[in-house]
Amino acid sequence: MPAAGAVAGVTPSSLLRLPSSPAPSSPAASSARPRRRAPHPLLSLATTPSRASFAAAAAPASDNGSASSYGNQTPLMPPFSGLMLDEGSRSKKPYKWQRVLLKVSGEALAGDHTENIDPKVTMAIAREVASVTKLGVEVAIVVGGGNIFRGASWAGCSGLDRSSADYIGMMATVMNAIFLQATMESIGIPTRVQTAFRISEVAEPYIRRRAIRHLEKGRVVIFAAGTGNPFFTTDTAAALRCAEINAEVVLKATNVDGVYDADPKREPNARILETVSYNEVISRDLSVMDMTAVTLCQENNIPVVVFNLQNTGNIAKAIVGEKVGTFIGCTRNQDQSAEGALDQEKVWLSSDE
């Protein structure tokens with residue numbers, strides 16, 4: 001017989017868990033009283049853990065392969081070291097430049113000028129670029145279109161205005177870029193062509209972050225269509241793309257050995273210059289690059305190396321930073337004069353005080 005005062009089916013231990021007030025007898029009463037939901041399992045992680053539980057959560061996986069957990073829950077964040085590793089990252093090699101921009105003129109692609117494009121020239125470029133990309137150097141290329149169509153030369157012919165002529169020249173650079181891409185991929189170099197205006201069926205549109213990602217993945221990126229605007233040369237496009245992708249140097253491959261102090265075709269005693277400053281190129285009007293490109297390189301402190309494309313091995317030497325052709329940039333005399341000007345300015349400032 002049950003004890004006095006006991007209710008059938010209710011034990012003394014269960015009486016301790018009974019609520020103090022009686023349960024609602026009607027739906028209206030149950031809706032009036034707020035219901036307490038069980039906490040979400042992930043919300044329990046927000047509570048402050050003890051030192052023992054925190055150490056257990058930070059402990060590495062056990063020997064049997066099961067990952068450690070906190071509160072029987074899998075950790076939400078991966079280890080910090082895993083976030084710092086990138087599968088596409090590569091070790092840096094001790095070369096002078098790690099990311100370069102190679103400017104190839106259209107005339108250089110023509111070779112002996114029997115055809116618009118000489119396959120031997122494109123294959124030589126591809127092989128030398130391949131030799132340095134395997135070393136970890138990131139290479140981007142800007143191609144010209146003078147071997148097919150030069151807008152500045154055709155402007156005014158048959159009523160062709162300068163803007164239309166420049167747009168035709170931009171499409172010529174796309175033709176050269178696709179030809180060079182096919183040559184590089186034939187020897188196993190992953191290559192992407194990006195154009196300044198959209199030709200989605202044959203090439204990617206130029207997107208700065210995508211271009212940088214291609215370079216980080218070890219792919220060669222060829223920039224075509226110049227800047228996408230008339231009245232600008234592909235030399236300016238090379239300087240602009242170099243600054244955008246954070247390349248360290250512009251390598252200008254031409255049909256001459258470098259920069260001369262005079263026209264070598266007219267002056268047989270013309271002397272090649274090993275080092276030239278930006279100011280000398282501008283003041284002496286040396287026909288290396290157009291003034292817009294030189295000024296852009298000067299403002300962004302981008303050195304330029306001018307060398308002969310036809311000499312075997314020059315591309316690889318220029319990319320890894322060996323001495324070849326003419327170096328255009330800040331010279332030691334310029335740096336000393338700049339330091340002297342700063343010192344003189346400090347003297348003037350001190351005298352004003």
Side-chain angles (χ1 to χ4, degrees), residues 92-111 118 120-144 176-177 180 183-184 187 189 191 215 218-223 233-243 245-260 264 271-278 280-281 286-289 293-294 296-298 300-331:
K92 298 296 183 180
K93 303 297 190 302
Y95 298 116
K96 185 174 183 179
W97 295 301
Q98 298 296 331
R99 180 179 296 170
V100 302
L101 189 138
L102 176 64
K103 168 61 171 63
V104 180
S105 62
E107 291 82 357
L109 291 176
D118 189 352
K120 296 180 181 178
V121 176
T122 58
M123 182 57 70
I125 295 173
R127 288 176 177 173
E128 294 196 33
V129 171
S131 65
V132 294
T133 54
K134 293 179 180 179
L135 302 177
V137 181
E138 301 170 359
V139 181
I141 302 176
V142 171
V143 292
N176 287 335
L180 186 58
T183 305
M184 289 188 171
I187 60 174
I189 306 176
T191 309
L215 294 173
R219 302 164 185 150
V220 175
V221 181
I222 303 177
F223 299 116
T233 66
T234 53
D235 287 339
T236 302
L240 177 62
R241 296 290 183 254
C242 183
I245 66 174
N246 301 323
E248 300 170 86
V249 63
V250 173
L251 306 176
K252 184 174 172 59
T254 62
N255 290 328
V256 295
D257 294 332
V259 180
Y260 292 84
R271 181 174 56 89
I272 189 172
L273 304 175
E274 295 184 357
T275 305
V276 183
S277 65
Y278 300 112
E280 288 179 326
V281 173
L286 299 177
S287 58
V288 181
M289 306 170 70
V294 175
L296 186 59
C297 290
Q298 182 180 17
N300 293 277
N301 195 22
I302 299 174
V304 181
V305 178
V306 183
F307 63 96
N308 196 335
L309 177 66
Q310 298 178 357
N311 295 340
T312 305
N314 271 0
I315 295 178
K317 292 178 181 178
I319 290 177
V320 298
E322 294 186 15
K323 187 176 180 181
V324 59
T326 301
F327 179 86
I328 302 175
C330 292
T331 61

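Note that the coordinates shown come from a computational prediction; the quantities given were computed from them, not determined experimentally.
- Atom OG1 of T133 is separated from atom CD of E138 by 11.0 Å, given to the nearest 0.5 angstrom.
- Residues V288 and K252 approach most closely at O-CE, 3.1 Å, considering heavy atoms.
- Side-chain contact between Y278 and I328 is present, with heavy atoms from C-beta onward closer than 4.5 Å.
- Within the 4.5 Å cutoff, the side chain of L101 has heavy atoms near those of the V142 side chain.
- For the pair N314 and N308, the tightest heavy-atom approach, listed with the atom from each and the gap, is ND2-O, 2.9 Å.
- Between V121 and A108, the shortest heavy-atom contact is CG1-O, 3.4 Å.
- The shortest distance between side-chain heavy atoms of F223 and I245 falls below 4.5 Å.
- Between M123 and I187, some side-chain heavy-atom pair lies under the 4.5 Å cut-off.
- What you find for A238 and V250 is that their closest heavy atoms are O-CG2, 4.2 Å.
- A salt bridge does not link K96 with E248: every distance from a Lys NZ or Arg NE/NH1/NH2 to an Asp or Glu carboxylate oxygen is 4.0 Å or more.
- Atom CG of N311 and atom CG of L309 lie 9.0 Å apart (nearest 0.5 Å).
- Of the possible polar contacts, none joining the N255 side chain to the Q310 backbone as a donor-acceptor pair under 3.5 Å is found.
- Nearest heavy-atom pair, M184 versus T191, reported as atom, atom and distance to 0.1 Å: CB-OG1, 3.5 Å.
- Taking each heavy atom of A239 and C297 in turn, the nearest pair found is CB-SG, 3.6 Å.
- Between the CD atom in E280 and the CG atom in L286 there is a gap of 8.0 Å [rounded to 0.5 Å].
- None of T326, D257, I315 except one satisfies the side chain to side chain contact (heavy atoms under 4.5 Å, CB included) rule with F307; the exception is I315.
- The side chain to side chain contact (heavy atoms under 4.5 Å, CB included) with L102 is formed by just one residue from the set I141, V132, V249; it is I141.
- Using a 4.5 Å heavy-atom cutoff, the side chains of L109 and I125 are in contact.
- Other residues, nucleotides and ligands place more than 12 heavy atoms under 6.0 Å from the CZ atom of R99.
- Taken from OG in S131 to CD1 in I319, the straight-line distance is 7.0 Å, to the nearest 0.5 Å.
- To the nearest 0.5 Å, the span separating CD1 on I189 from NZ on K134 amounts to 8.0 Å.
- Note that the CZ atom of R241 and the OG1 atom of T236 stand 11.5 Å from one another [nearest 0.5 Å].
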